[in-house]
Structures are given as structure tokens and as C-alpha cells.
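I have placed the structure first, in the form of C-alpha cells, so that the comments after it can refer back to it.
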Amino acid sequence: MNIIGIAILGNLGAVAHAEQADVRAQRTINAPQRQVFEYLLDLRNQPNIWPEDCATNYEVGDKPMGVGAETRLTYRVGAWKRTLDARISSALPSERIDVDHTGKKGFTTTWTIEAVGDLSKVSVDTWVSAPPRPFVRFYERRVRPGWTACHSGALDNLAKAVTQAGRSD
């Protein structure tokens, strides 16, 4: 890995406040809020959600669902690669799930589900800090857009998966 990648990996781990989420994607999904929430709450579904070029190598722990459920996975975004343990740290029934990626280089990802009639407006937010100068430009031009594309792809995949899971064919 080159020096830019090392610097970025070393400085993306700080968790910030909700107002400072720097990676966000949002989408309306043709499924009820509760169905989307329950699908996200089961970590065995994560490989169906995240695009393969964004997250791989899932290892789900003994408890696969609900608060306390754990997994280990590898994220890849451009030159950025990180293998982390992740844990559902909190869940507000049908509305919000917080996934903490632990360790010095960890971060938090929050899934928010809002009912809009029979549909669900789903947001996925990740809080990471940009690296210090001189690497911030690389982060802003390459890493953040790649990470945002991964979030958008995750929502596209979630919409397909939840729609298929809800069919009673």
C-alpha cells in the first residue's frame, strides 16, 4: 500500500456527531418500514446488501440478529481497505439501527427507516473524519465519492432484496 493509502487508513476512524455525517445516501423503498428494519437487523443479510466491490469476507458471529449481533468484514473503497469487527450497538424498533465498527480505525454506520405510507424512506449514514493535510484532497476527490457510491449501491441492493423477501410467490 502506498503512503497516501496508509495516511488515509490511519485517519478515517473518528466518530462525529449526527450533524457531521460525511457519507450519506437515501432512497425510498417499496416495502413497509418494519420489513426493512427486520431485514437490516439480521447481519446474515449484509452480503446481499453491500456491493461486492465495497464489502466482502463476511464472518457472522454466533448471534446474527439484533442488538449485540456481530460480524467481521472487509471494506474496500479505492485505495482504502479495512477489515473490521462490527456490532449492532443499538436499535430503535422499526426506525434506526446503529452499527459500530470497532477499533482505532473504526466508525459508525446508521440506518434510519421512516414510514412514508406503505413505503420506507431509508437513509444510510457513516461518520468518518477526513485525513489531515495534505491527504484531505485525495479523500474528498476519491475516497468519499467511492464510499457514497457504495452506500447508494447498498440501498439499491436493499430495495431489491427486501422486495424479493416480501413476496409470497
Can you name the residues that form a side-chain contact (heavy atoms from CB on, under 4.5 Å) with [X], not counting sequence neighbours?
X      : result
Asp42  : Arg44, Asn45, Pro64, Met65
Cys150 : Trp50, Cys54, Val77, Trp147
Thr148 : Val23, Arg144
Arg142 : Phe138

Pairs flagged by disulfide bond (SG atoms under 2.5 Å apart) wherever residues 60-130 is involved - sequence neighbours left out: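 Found none.
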
With rounding to the nearest 0.5 Å, note down the distance linking [atom1] in [X] to [atom2] in [Y].
X      : Y     : atom1 : atom2 : answer
Leu119 : Asn30 : CG    : CG    : 5.5 Å
Thr112 : Gln33 : OG1   : CD    : 10.5 Å
Leu40  : Gln46 : CG    : CD    : 7.0 Å
Ile88  : Ile97 : CD1   : CD1   : 5.5 Å
Ile49  : Leu43 : CD1   : CG    : 9.0 Å
Tyr39  : Ile29 : OH    : CD1   : 10.5 Å

Please report the closest heavy-atom contact between [X] and [Y], naming both atoms and the distance.
X     : Y      : value
Pro51 : Asn157 : N-ND2, 3.8 Å
Ala25 : His151 : CB-CB, 3.6 Å
Ala31 : Ser120 : O-OG, 2.7 Å
Val67 : Ser89  : CG1-O, 3.7 Å

For [X], enumerate each residue passing the side chain to side chain donor-acceptor pair (under 3.5 Å) test, keeping only those at least two apart in sequence or located in another chain.
X      : result
Ser123 : Gln26
Thr28  : none
Thr109 : Thr126

Is the shortest side-chain heavy-atom distance between [X] and [Y] below 4.5 Å?
X      : Y      : result
Phe37  : Leu92  : no
Thr110 : Trp127 : yes
Arg24  : Asp125 : yes
Ser94  : Ile113 : no

message: Once salt bridge (Lys or Arg N to Asp or Glu O under 4.0 Å) is applied, what residue pairs with a partner in residues 54-77 remain, sequence neighbours excluded?
response: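 Pairs touching residues 54-77 that pass the test: Arg72-Asp85.
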
message: Is there a side-chain contact (heavy atoms from CB on, under 4.5 Å) between Leu155 and Trp111? Walk through the geometry before answering.
response: CA-CA 10 Å; Leu155 289 174; Trp111 295 88; 3.8 Å; yes

field: Inter- and intrachain pairs under ring pair (Phe, Tyr, Trp, His ring centres under 6.0 Å), touching residues 86-105, at least two apart
entry: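 For residues 86-105: Tyr75-His101, His101-Phe107.
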
message: I'd like to check the salt bridge (charged side-chain N to carboxylate O under 4.0 Å, His left out) partners of Arg34; sequence neighbours left out, ordered by chain and number.
response: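 Once residues adjacent in sequence are excluded, the partners of Arg34 under the salt bridge (charged side-chain N to carboxylate O under 4.0 Å, His left out) criterion are Glu38.
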
message: Among residues at least two apart in sequence or on other chains, which ones pass salt bridge (charged side-chain N to carboxylate O under 4.0 Å, His left out) with Asp98?
response: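 Residues passing salt bridge (charged side-chain N to carboxylate O under 4.0 Å, His left out) with Asp98: Arg96.
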
task: Determine, stepwise, if the pair Thr83 / Asn57 fulfils side-chain contact (heavy atoms from CB on, under 4.5 Å).
output: CA-CA 9 Å; Thr83 299; Asn57 302 325; 5.8 Å; no

